[in-house]
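The block underneath contains the structure these notes are about, expressed in C-alpha cells.
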Protein chains: 2
Amino acid sequence: MEPSSPEVAAAPALPAESGLHARVLEHLGTAICGGELAPGSVLNIDELVDRYAVSRSVVREVLRVLASIGFIEARRRVGVMIRPASAWNVFDPQVIRWRLASAGRMAQLRSITELRTAVEPHAAYLAASRIGRDEASDLVGLAAKMWAAGEAGDEERFLHLDIEFHRRVLLASGNEMFVRLQELVAEVLTGRHKHHLMPHHPHEQALQMHADVAQAIQRRDGERARQAMVQLMEQAFDEMKSLWEQTAPPDRSKAE
Amino acid sequence: MEPSSPEVAAAPALPAESGLHARVLEHLGTAICGGELAPGSVLNIDELVDRYAVSRSVVREVLRVLASIGFIEARRRVGVMIRPASAWNVFDPQVIRWRLASAGRMAQLRSITELRTAVEPHAAYLAASRIGRDEASDLVGLAAKMWAAGEAGDEERFLHLDIEFHRRVLLASGNEMFVRLQELVAEVLTGRHKHHLMPHHPHEQALQMHADVAQAIQRRDGERARQAMVQLMEQAFDEMKSLWEQTAPPDRSKAE
DNA sequence: TTCCACTCAAAGATCATATCATTTGCATCA
DNA sequence: TGATGCAAATGATATGATCTTTGAGTGGAA
C-alpha cells in the first residue's frame, strides 16, 4: 500500500495534541475505529490507568467523551464495553478523522461522497435563493480562479480553490447542518487529491460546471444550480468509484 | 412477517436520566442551547461545583463532554468559555434533542427538514440497488399498511408506520451516515404530528407516493424511487413551511 | 513613551486516595 | 428447584494536593 503519508500538508487540527486527555482519547478512539478493540470486548478503568500510566481522572474523562460518541458503555460490576459501529456518532468530526485514518478509510470516503452527492445539489438550490449579492460575486470569482488554476495545471491551488468553492456554497445554503459538512467535503477532496485521482488538468467539463453552478446561484436560478451541482457530483462520484471498487465492497452490512 | 415494530415508539431515552453526570450535563446543555448561557460568557469549575453541589469529578467530566460537542472551550487562567453556535456539533443527537426542546425549535425542525429533502431521495435511489428481496417486500407491505391506516384515519398508527417506512429506506441505503439520520426523521415526523400538521386523513397523494417509492425500490428503479421521494419531500416541506413561516425567519445568520 | 523580559498568581490539568452505590455471581435455605 | 440474601467487583462521586500553563501586571531598557 501507499507509504501512509503521516500528517498531510495542512491537516486540520490534531497531529500531536498536547495533554494527557487528548493523547489517551486519540489512542483509544483510533483503536476502536481501527477494530483493534472489537465491539463487545470489555475494559476496565484500572486496567486503562495502568496501560496509559495516567490517573483515574484522565481515564474517566476520556471514557465520558467516548461514551458520548457512542463508542463505549460503562456498566457497574462489568466494566467498559465497546459498542458496535452502528452505535457510533458517525457525524462526529473526530470519528470521521479516526475512520479516515483507519482501515475503513475507503468506506468512510464512500459514505461521505454519497452524502455530498445528496446534499450539495440541494445546498446549491437553497443558496440560489439565500445568497447575498457580494457572496454570489465572490463565488463566480472563485469559479473563474478555478478555471485559471486548472488551465495552468496548478493542482495544489486548484484543490484549495475547489474546497473553498464548495465551502461557500454550503455556507450560503443558510442551513447550519449543511455548513458543518464543509469539513467533510474538504477531507474528501484532499483525499482524492492525495490518491492522485485528479487529472493534472481538471476536466474541461468540471471547470465549466463549477462556473455554471456559480452563475446559476448568482442569477438565483435554484433549479439550474441544482442540476449543475448534480452533474458535478456525478463526475466526482465516478472518479472516486475507481478508488473503492478495488478496495472496499459496497458495505451491505446489516448494521442496526 | 409483520414489520413488527420492535421498539419503534421507544425513541426518546433520557427524560430523567439518573446519575449526577447526566443531570448536570442535561442542565448545562439545555442552558447553552437555550441561550441562557450566551456565547463568550465564562464559567469556572469551582463555580459550577457550587452551583450544582457536585464534586469536581462530575463537573470536569461534564465539561469534557461539552467540549467534545463544541459547546465550550476550557482555557487555563481564564475559565470555561461558551462557544458560538457555529462551533457546535449540530449532528450530535444530544444537541438536536436540546435544540428541539429550546426556543430554536423551529429553526432546528427547518434544518432537519431541509436535510431530509436532500438526503432521502438519494437514499431511496441507493436503496433501489442495494435492498434485499425480503426487505423490499416489507417496504411495500409497510406502504400498504400506511394506506390502510390513512384510510381508517388512525393518526397514531399512521405516524408510527410513516417513521418506520422512512427508517427502512434509510437503512436500506447501505450508508451508515444516512442510517443515523433516521432518528432525526423520527423527530421531525413526531414534531409535525404534535403540531397537528397532518391532515386527519393523509393526502391521497402522499399515500400513493409512499407506495410508489416502495414499488420503485423493489423494482430496482432507482431513478423512479428518487423522483417519488422528491415529491414526498416537497409535500412534507410545504406542510412544515406553514410552521416556521410565522415563527422563525429563514436563518440568514452569517455564522462562521 | 514604547516595548520587551520577567515575575506572580489564577485557573485548569493531573494525581492519589477514600468512600458510596449498584450490579451480579453464588452460596444458602426453605 | 427456586427464592433469598450476602459479598465482591466495578463504576460513581468526593476531596485535597500538586503541577502546568498563561494572562496580567511590573519594571527596566531603548
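Just so we're on the same page: letters track the sequence lines, and every chain starts at 1.
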task: Check the pair A/Leu115 / A/Phe91 against side chain to side chain contact (heavy atoms under 4.5 Å, CB included), numbers first and verdict last.
output: CA-CA 11 Å; A/Leu115 184 63; A/Phe91 284 94; 3.8 Å; yes
Short side-chain to backbone donor-acceptor contact, [X] and [Y], under 3.5 Å:
{"X": "A/Ser41", "Y": "A/Leu37", "value": "no"}
{"X": "B/Gln108", "Y": "B/Arg105", "value": "no"}
{"X": "B/Arg99", "Y": "B/Gly34", "value": "no"}

Identify each atom pair where a protein N or O and an N or O of nucleotides 15-19 of chain C are less than 3.5 Å apart, giving names and distance.
unit_1 : atom_1 : unit_2  : atom_2 : d
C/dC15 : OP2    : A/Ser55 : N      : 2.7
C/dC15 : OP2    : A/Ser55 : OG     : 3.0

task: Please name all residues satisfying salt bridge (charged side-chain N to carboxylate O under 4.0 Å, His left out) with B/Glu47, sequence neighbours left out, ordered by chain then number.
output: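 Once residues adjacent in sequence are excluded, the partners of B/Glu47 under the salt bridge (charged side-chain N to carboxylate O under 4.0 Å, His left out) criterion are B/Arg51.
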query: Got a sec, which residues hit salt bridge (charged side-chain N to carboxylate O under 4.0 Å, His left out) with B/Glu114, two or more places apart in sequence or on another chain?
result: A/Arg130, B/Arg110
Partner set under side-chain hydrogen bond (donor to acceptor under 3.5 Å, both in side chains) for A/Asp46, not counting sequence neighbours: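 With neighbours one apart ignored, the set is A/Arg56.
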task: State which residues pass side-chain hydrogen bond (donor to acceptor under 3.5 Å, both in side chains) with A/Glu164; sequence neighbours excluded, sorted by chain then number.
output: A/Arg167, A/Arg168
Would you kindly give the [atom1]-to-[atom2] distance between [X] and [N], to the nearest whole Å?
{"X": "B/Glu61", "N": "C/dG12", "atom1": "CD", "atom2": "C1'", "result": "15 Å"}
{"X": "A/Ile72", "N": "D/dG11", "atom1": "CD1", "atom2": "C1'", "result": "11 Å"}
{"X": "A/Leu25", "N": "C/dT14", "atom1": "CG", "atom2": "C1'", "result": "16 Å"}

field: Nearest atoms (heavy-atom pairs only) where A/Val95 meets A/Cys33
entry: O-SG, 4.2 Å
- request: For B/Arg60, report the nucleic acid contact type (base, sugar-phosphate, nothing); a contact means any heavy atom under 4.0 Å.
  value: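 If one applies the 4.0 Å heavy-atom cut-off, B/Arg60 turns out to touch a base.
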query: What string of B, S and - do you get for nucleotides 4-10 of chain C 5' to 3' if you count protein non-hydrogen atoms under 4.0 Å?
result: -----BB
- prompt: What are the residues of residues 43-52 of chain B, sorted by number, that bring a heavy atom to within less than 4.0 Å of DNA chain C?
  reply: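 Residues of residues 43-52 of chain B under 4.0 Å from DNA chain C: B/Leu43, B/Asn44, B/Ile45.
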- request: Note down the inter-axis angle between the two ends of the helix from C/dT1-D/dA30 to C/dA30-D/dT1, five pairs each, to the nearest 10°.
  value: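 That helix has its two terminal axes inclined by roughly 10°.
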message: Going by side chain to side chain contact (heavy atoms under 4.5 Å, CB included), name the residues that satisfy it together with A/Ala236, two or more places apart in sequence or in a different chain.
response: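 Checked A/Ala236 against side chain to side chain contact (heavy atoms under 4.5 Å, CB included); matches are A/Arg192.
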field: Counterpart residues, side chain to side chain contact (heavy atoms under 4.5 Å, CB included), relative to A/Ala22 (two or more places apart)
entry: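 Listed in chain order: A/Glu17.
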When the side chains of residues 60-79 of chain A are checked against the rest of the protein, which donor-acceptor pairs come out under 3.5 Å, sequence neighbours left out?
unit_1  : atom_1 : unit_2  : atom_2 : d
A/Arg60 : NH1    : B/Glu61 : OE1    : 2.9
A/Arg60 : NH1    : B/Glu61 : OE2    : 2.8
A/Glu61 : OE1    : B/Arg60 : NH1    : 2.9
A/Glu61 : OE1    : B/Arg64 : NE     : 2.8
A/Glu61 : OE1    : B/Arg64 : NH2    : 3.4
A/Glu61 : OE2    : B/Arg60 : NH1    : 2.8
A/Arg64 : NE     : B/His21 : ND1    : 3.4
A/Arg64 : NE     : B/Glu61 : OE1    : 2.8
A/Arg64 : NH2    : B/Glu61 : OE1    : 3.4
A/Ser68 : OG     : A/Val65 : O      : 3.2

- prompt: Using a cut-off of less than 4.0 Å, is there contact between a side-chain N or O of A/Arg75 and OP1 or OP2 of C/dT23?
  reply: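 A/Arg75 to C/dT23 OP1/OP2: no side-chain N or O under 4.0 Å.
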- prompt: Can you pull the ring-ring contact (aromatic ring centres under 6.0 Å, His included) pairs that have at least one residue in residues 26-45 of chain A, sequence neighbours excluded?
  reply: A/His27-A/Tyr52
